[in-house]
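Have a look at the structure below before the remarks.
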Amino acid sequence: MVYPRLIAWASLLGLLVSCSTPKEEVEVAPLNWPENNLMEVSDLGYWMDQPDVVFVDIRLTDRYMTGHIPGAIHLTRKDLENAEMDYAGAQADREQLQALLSQKGVKPTDRLIIYDARGQVEAARFWWIMLGQGHQQMVLLNGGIQSWKSAGNQVCTENCDHRDPTHYVFERPKSDQWSVYKEELIDRLSDSTLLLVDARNDDEYTGERQKKGAYRAGHIPGAILINYTESLSPDYTFKTADSLRALFQSHQVNPEEEVLVYCHSGVRSSHTLFVLTQILGYENVRNYDGSWIEWSKDESLPLVSHP
């Protein structure tokens, strides 16, 4: 005979035992690498100690030495330029980049987290150059060094740029998917299906200011002005996608358009290309590397100037 009271006590005992048994820990999957190539400081945690992650600081040397993310290697804009060109500012060629990255101890499989202190304009330039050469895993750190400091993180004032040298070789062929060259731009100046965006400031665009390196002042005919700084918030982070979408669509720069961007030497326009392709998802955007310096050097090419 089974007694009801005994059954009740057995059930209670089973419940107590089950409640006191430690729960299995659930393994939390690491944060996915951002598909839009933009990393928030708050999402860095998992990636900080990964052996294949390299922080890349693209600022002047004195700024790097006053405080950088611990372990970050250091590059300057000059490091990324081709001094053999007959005009300033053009990107370094494939062999120069491979030598530079080898010297800095970077491997083709490394994940690069790139930052600066100018709203990611220098970082975007390096990202664009490397993307065209075939390096895949790269992100910009939203807000750069300012966001790092604002989050309460420590900076390093010692030179961390001493990784063991590597033999860096790009694993993919060079692609012109993200680039436009002077010859094509000349041929298509009258193409009404093309949108040409100038990412400089008002004075450069109108010709009131001729920045160092330029041979003439003004802008390429047909170009519309959208200063790259309009994409940034006061804290140097990118504005929200909704705000950015409204900004570009107010200038009739829509996702279905073919867009070519330029600036003085392809730096600020790299930033605009990043915004359009990575944050807003535009699919047909290319950057003119030679930009205004190369265009203004050729006196046979037209310009508009109204200072």
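A cation-pi arrangement, defined by a distance under 6.0 Å to the six-membered ring centre and an angle within 45 degrees of its axis, is present between Lys297 and Tyr215.
Remark: Glu122 engages Arg77, Arg118 in a salt bridge (charged side-chain N to carboxylate O under 4.0 Å, His left out) (not counting sequence neighbours).
Arg59 has no carboxylate O lying under 4.0 Å from a charged side-chain N of Asp116, or vice versa, which leaves the two without a salt bridge. Ion pairing of Glu81 with Arg125 is absent here, as no side-chain N (NZ or NE/NH1/NH2) approaches a carboxylate O to less than 4.0 Å. Between Arg286 and Glu184, at least one side-chain nitrogen of the basic residue sits less than 4.0 Å from a carboxylate oxygen of the acidic one, meeting the salt-bridge criterion.
Expressed to the nearest 0.5 Å, how far OG1 of Thr157 lies from NE2 of His68 amounts to 7.5 Å. To the nearest 0.5 angstrom, Leu196 atom CG is 5.5 Å from Tyr262 atom OH. Note that CZ of Phe238 and CG of Leu232 are 6.5 Å apart. Values are rounded to the nearest 0.5 Å. Distance check, rounded to the nearest 0.5 Å: CG of Asp161 to CG of Asp57 gives 9.5 Å. Put simply, CG on Asn36 and CG on Leu140 are 9.5 Å apart, with the number rounded to the nearest 0.5 Å. To the nearest 0.5 Å, the span separating CZ on Phe248 from CD1 on Ile224 amounts to 9.0 Å.
The closest side-chain heavy-atom distance from Gln98 to Val169 is below 4.5 Å. Side-chain atoms of Trp292 and Asp198, non-hydrogen and from C-beta on, never get closer than 4.5 Å to each other. In this structure, the side chains of Thr76 and Ile58 stay at 4.5 Å or more apart for every pair of heavy atoms. The shortest side-chain heavy-atom distance between Leu101 and Phe170 falls under the 4.5 Å cut-off. The shortest side-chain heavy-atom distance between Gln103 and Pro165 does not fall under the 4.5 Å cut-off. Looking only at side-chain heavy atoms (C-beta outward), Arg216 and Leu301 come within less than 4.5 Å of each other. Residues Ile113 and Val54 fail the side-chain proximity criterion, which asks for heavy atoms closer than 4.5 Å. Using a 4.5 Å heavy-atom threshold, the side chains of Trp148 and Leu44 count as touching.
Grouped by direct or indirect side-chain proximity (heavy atoms under 4.5 Å, Ile/Leu/Val/Met/Phe/Trp/Tyr only), Met65 sits with Tyr64. Residue Val304 is found outside any hydrophobic cluster, as its side-chain heavy atoms come under 4.5 Å of no other Ile, Leu, Val, Met, Phe, Trp or Tyr.
Of all heavy-atom pairs between Ser296 and Ile293, the closest is OG-O, 3.2 Å. Minimum heavy-atom separation, Leu280 to Arg245: CD2-N, 3.8 Å. The nearest pair of heavy atoms linking Ser147 to Thr237 is OG-CG2, 3.7 Å. Heavy atoms only, all atoms of each residue included: Cys160 and Gly71 are closest at SG-N, 3.5 Å. Here the shortest heavy-atom pairing between Gln133 and Gln91 reads NE2-OE1, 4.1 Å. Of all heavy-atom pairs between Glu257 and Gln252, the closest is CG-O, 4.3 Å.
Between His219 and His306, the distance from one ring center to the other falls under 6.0 angstrom. Trp127 and Phe274 have their aromatic ring centers within a separation under 6.0 angstrom.
No more than 12 heavy atoms of other residues, nucleotides or ligands sit less than 6.0 Å from atom CD of Gln154. The number of heavy-atom neighbours closer than 6.0 Å to CZ of Arg63, taken from other residues, nucleotides and ligands shown, is 12 or below.
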Worksheet item: After noting the C-alpha distance and the side-chain angles of Asn82 and Gln96, does the key distance pass the side-chain hydrogen bond (donor to acceptor under 3.5 Å, both in side chains) rule?
Response: CA-CA 8 Å; Asn82 188 344; Gln96 291 169 331; 3.3 Å; yes
Discussion item. Working note: Asn227 + Thr229, criterion side-chain hydrogen bond (donor to acceptor under 3.5 Å, both in side chains); need CA distance, chi angles, decisive distance, verdict.
Written reply: CA-CA 5 Å; Asn227 190 326; Thr229 59; 3.0 Å; yes
